[in-house]
2 protein chains.
Amino acid sequence: MKNAVVTIKDVAKATGVSPSTVSRVIADNPRISPDTKKKVRKVMKDLGYHPNVNARNLVAKSTKAIGVVLPSSADKSLQNPFFPEVLRGIGSITHQLQYSMTLSSGGTESEIFTEVERMVYGSYVDGIILLYSRVNDRIVNFLREKDFPFVIVGKPYDHLNEITHVDNDNFTAGKDITSCLIQQGHERIAFIGGSRDLFVTMDREAGYEAALKEAGIAADKAYRIHTEFLKSGGREAVEQLLSLKVRPTGIVVTDDLMSLGVLSTLEELGVDVPADISLVSFNNVYLSEITSPSLTTVDIQIYQLGAQSAKALIEKTQTKDEPAKRIIIPHQIVHRDSVATSNGAGT
Amino acid sequence: MKNAVVTIKDVAKATGVSPSTVSRVIADNPRISPDTKKKVRKVMKDLGYHPNVNARNLVAKSTKAIGVVLPSSADKSLQNPFFPEVLRGIGSITHQLQYSMTLSSGGTESEIFTEVERMVYGSYVDGIILLYSRVNDRIVNFLREKDFPFVIVGKPYDHLNEITHVDNDNFTAGKDITSCLIQQGHERIAFIGGSRDLFVTMDREAGYEAALKEAGIAADKAYRIHTEFLKSGGREAVEQLLSLKVRPTGIVVTDDLMSLGVLSTLEELGVDVPADISLVSFNNVYLSEITSPSLTTVDIQIYQLGAQSAKALIEKTQTKDEPAKRIIIPHQIVHRDSVATSNGAGT
DNA sequence: CTGTTAGCGCATTCAG
DNA sequence: CTGAATGCGCTAACAG
C-alpha cells in the first residue's frame with residue numbers, strides 16, 4: 001500500500017532529535033525553539049510524515065470524531081432533503097475543527113442501539129448527535145445513563161432542561177406562517193401535520209391554533225388532519241378536507257415534502273393553488289422552489305440546526321462547562337407563489 | 001464519564017487467566033478451550049467489557065471503517081434524494097460487516113481533498129467510496145497513486161478498466177425508457193439532461209439516440225437540451241423546447257428531481273402531462289411517486305448501488321484478489337402516470 | 001529548551 | 001491449550 005509508513009521516530013532520526021521533540025513540534029509546544037521546529041517541520045514534509053490517529057487517540061483518550069445517528073432507515077423520512085442538509089451543517093463545523101463524523105448505519109431501531117453502544121463503549125467517538133427524537137427512547141436513556149455527551153436536533157421528550165438540544169421555535173413559526181394566511185384574508189384555514197406524537201407537529205400546530213385564536217377565528221376540529229409522514233403524499237388528508245361542506249381556503253402543511261404531495265393531489269382534483277386554496281409550509285428545502293406553484297414556507301435554517309448542534313456537542317466534549325441546554329435557531333418566512341389573497345368566496 | 005474503563009487486563013485478572021488468553025477469546029481463537037472461553041465471556045459480560053477500537057486498530061493496522069466522499073457540498077446536487085439512499089445502501093453492508101462509515105465533510109473541492117489525505121495518511125479508514133466522478137479528479141489521482149483501496153459509484157473518467165466502480169448500464173437504461181415512449185407512438189421525443197460532461201448524462205443520452213435510431217426516427221439536435229443540474233428547475237430547458245416550431249410529444253429527463261422542475265414549468269405554461277406531452281425520467285426516488293402526475297421512471301436501484309459498492313470495497317481491503325472492476329446494477333422501468341399514447345396531434 | 005522513560009489497550013510472537 | 005514478553009505510534013511526566 002503506502003510506500004512505507006513514516007513514523008515520528010523516522011522524523012526524529014532524520015532530524016537528529018528525539019521522538020518527543022517531534023511530538024512537541026506537532027503539538028506546537030511553545031517550549032521548542034523556533035529553529036528546531038522549522039527543521040523538524042521540513043523533515044516531516046520531506047518524508048511525508050502524517051500522524052497516526054489511532055496511536056494518538058489511544059493515549060489522548062479522545063477521538064476527535066462525532067457520531068451522527070439518523071432515524072432508522074426503515075423510516076421513509078430519510079428521503080427527506082432535510083437530512084443531507086443537516087449533515088452539511090454538521091460537516092461544516094466538524095471540518096473546521098478537524099473532527100471527523102461517523103454515521104450510524106443501522107436499519108432498525110435495535111440495530112442502531114447496538115451501534116451506539118459500540119460507538120460509546122469502543123470509544124469510536126467523543127460525542128453523538130441524534131437526528132430524531134422519540135418518546136422514551138432507549139438510546140437517549142442509554143446515553144444519559146452513561147453520561148455520554150450528546151445533543152438532539154429537535155426537541156427531546158423528557159428532561160427538556162437537562163438535554164442539550166438545537167431546535168426552532170416551532171410554536172412561533174407555526175403562528176407566524178398561519179398569520180401570513182390570515183393577513184391575506186383567509187379565515188378557513190386547515191392544518192395538515194405529521195404524526196401527532198412528533199413534537200414538531202404538535203408545536204407547529206399549537207402555533208397555528210394560537211394564530212387563529214388571536215385573530216378571533218374559531219378553530220374547527222375537522223380542519224385539522226394528521227397523517228403518516230409521507231403516506232401516499234397526503235392524498236387522504238386532502239380528500240378529507242375537500243369533502244368538507246365548507247372547504248378551507250388556506251392550508252398549513254408541516255413539511256415541504258408533504259406539501260409536494262398535497263399540491264399534487266390538489267392539482268389532480270382540479271383545485272388551483274393559490275387561486276382556490278393557498279398553501280404554506282415548513283422547511284424551505286430546495287424542492288420548495290421548483291414546485292408549481294413554488295411554496296411560501298418557513299425557512300428553518302436546517303444547515304444552522306446542524307452546524308449549531310455540532311458546535312454545541314464539541315464544546316460539550318471539550319470543556320467542563322455545559323453549553324446552553326436549549327439552542328434556538330431563528331426562522332424566517334420565505335414568500336413565494338403558493339399564497340393568494342382570499343376572495344372570501346365559498347362562504 | 002464512564003464508571004471506569006474496563007480493559008482486557010481487568011477481565012484477565014477477574015477470570016484468573018492472562019491478558020493474552022482474553023485477547024484470544026475475543027478473536028475466538030480455536031486453540032482456547034471451550035471451558036475457559038465460556039468463563040472469560042461471562043466475566044466480560046459481568047464487567048461490561050468492550051474492546052477499545054483505537055488500541056485494536058493500532059496494532060491491527062486496520063480500522064474497519066470506510067470513508068464516503070460526497071460531492072462538494074457547494075453543489076446543490078446534494079439535495080438530491082439520491083444521496084440519503086446510497087448512504088442507506090452503504091450502511092446496510094457496513095453495519096452487517098461491523099464496519100463504521102465516516103463521511104467527508106468538506107465544502108469545497110480542495111477541502112475535501114485535504115480530508116481525503118487525512119483519511120488516508122492518518123489511517124482513519126481502510127478504503128474510500130467516491131459518490132461522484134469528475135474529469136481528471138485530484139482525489140482519484142491521489143488514491144491511485146497511493147494505491148489506496150477505493151471504489152466509485154458511477155463511471156470513472158479514466159482508467160475504466162482499472163478502477164473498481166459500481167454503476168448502472170445507463171446506455172441501455174436510456175434506450176429502454178426511450179423505447180417506452182416510442183412504443184406509445186411518440187416520435188418527436190426530446191431529451192433534457194444535466195451537464196454534458198457527466199457520464200450519466202452522456203450514456204443515457206446515447207441510449208436515447210440509439211432507441212430513436214433503431215425506431216427509424218431522425219434525431220433532431222434542437223430536441224436535445226443540457227442544463228445545469230437543478231438550475232431553476234429546468235425552466236429554461238422547457239421554454240426552449242416549447243418555443244420550437246414543432247413541439248415534442250415526449251420528453252426524456254435524466255433525473256427525477258429535474259423532472260419535478262420540468263413538470264412544474266410545463267404546468268405553469270399550460271401544458272398537460274401526459275395529455276399534451278409525456279414524460280419519462282430516471283432514478284425512482286420517493287419523489288417520483290408523489291408528483292402530479294406520478295413519474296414513469298427507471299428504477300436504478302440506488303440502494304443497491306450503495307450496498308454493492310461497499311461490498312466491493314470491503315472485499316478489496318480484505319483479500320488480495322480484486323473484485324470485478326465493473327459492477328453493473330440492473331435497472332427496471334416503473335410505469336406510472338406520466339406517459340400516454342401519442343395521439344399524433346400537433347404534426 | 002530537549003532527551004529518557006513509561007504506558008495507553010490490545011494482538012502476537014515465542015515458550016512452555 | 002495457555003502465559004510472558006514485545007511493540008503498534010504516540011504523548012506525557014520526569015529529568016536534565
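Not measured: the values here are computed from a predicted model. Note: hydrogens, waters and symmetry copies are ignored here, and every other heavy atom, side chains too, is used.
Following rounding to the nearest Å, Asn57(B) (CG) and dG7(D) (C1') show an atom-to-atom distance of 16 Å. Residue Lys38(A) contributes atom NZ, which lies 15 Å from atom P of dC1(C) at whole-angstrom precision. Atom NZ in Lys13(A) sits roughly 12 Å away from atom P in dG9(D) (whole-Å rounding). The distance between atom CG of Asn29(A) and atom P of dA12(D), rounded to the nearest whole Å, is 10 Å. dG9(D) atom C1' lies 18 Å from atom CZ of Arg56(B), rounded to whole Å. Separating the CG atom of Asp35(A) from the C1' atom of dT2(C) is a distance of 13 Å, rounded to the nearest angstrom. One can place CD1 of Ile8(B) at 13 Å from P of dC8(C), the figure rounded to the nearest angstrom. Per the geometry, NE2 belonging to His50(A) stands 12 Å off P belonging to dC10(D), to the nearest Å.
For a distance-only test at 3.5 Å, the side chain of Arg31(B) fails to qualify as a donor-acceptor partner of the base of dT12(C).
Here Lys316(A) does not pair with Asp126(A) in a salt bridge; the nearest charged N to carboxylate O distance is not below 4.0 Å. We find that Glu85(B) and Arg88(B) are joined by a salt bridge, their nearest charged nitrogen and carboxylate oxygen being less than 4.0 Å apart.
Nucleic acid contact for Ser23(B): base, since at least one base atom lies under 4.0 Å from a heavy atom of the residue. Using a 4.0 Å heavy-atom criterion, one finds that Thr21(B) contacts the sugar-phosphate atoms exclusively. Among the atoms of the strands shown, none is found under 4.0 Å from any heavy atom of Val22(B). Residue contacts for Pro19(B): at a heavy-atom cut-off of 4.0 Å it reaches no nucleic acid atom on any strand shown.
Between Phe142(A) and Phe113(A), the ring-plane angle classifies as perpendicular under the 30° and 60° cut-offs.
With dG9(C), dT2(C), dT4(C) as the candidates, the nucleotide lying closest to the side chain of Ser33(A) is dT2(C). For Leu58(A), taking side-chain heavy atoms from C-beta onward, the closest of the listed nucleotides dA11(C), dC8(C), dG3(C) is dC8(C). Comparing atom distances between the Ser18(B) side chain and each of dA4(D), dC8(C), dC8(D) picks out dA4(D) as nearest. Comparing dG9(D), dA12(D), dC8(C) against the side chain of Lys9(B) picks out dC8(C) as the nearest. For Lys61(B), the listed nucleotide lying nearest its side chain is dG9(D); candidates were dG9(D), dT4(C), dG9(C).
Counting heavy atoms from C-beta on, the side chains of Glu162(A) and Pro156(A) never come closer than 4.5 Å.
Using a 4.0 Å cut-off, no side-chain N or O of Arg24(B) falls inside it from OP1 or OP2 of dA11(C). In this model, the phosphate group of dC1(D) is not approached by any side-chain N or O of Lys37(B) to a distance below 4.0 Å at OP1 or OP2. In terms of phosphate contacts, Tyr121(B) brings no side-chain nitrogen or oxygen within less than 4.0 Å of OP1 or OP2 of dG9(D). Remark: Thr36(A) is in phosphate contact with dT2(C), judged by side-chain N or O atoms under 4.0 Å from OP1 or OP2.
The number of heavy atoms from other shown groups lying within 6.0 Å of NZ (Lys325(B)) is above 12.
Residue whose closest nucleotide on DNA chain D sits further toward the 5' end, between Asn52(A) and Pro34(B): Pro34(B). Along DNA chain D, the nucleotide closest to Pro30(B) and the one closest to Val59(B) are compared, and the more 5′ of them pairs with Pro30(B). When each of Gly16(A) and Ser20(B) is assigned the nucleotide of DNA chain C bearing its nearest heavy atom, the one mapping closer to the 5' terminus is Gly16(A).
The backbone N or O of His95(B) lies less than 3.5 Å from no partner atom in the side chain of Glu115(A), so there is not a single donor-acceptor pair.
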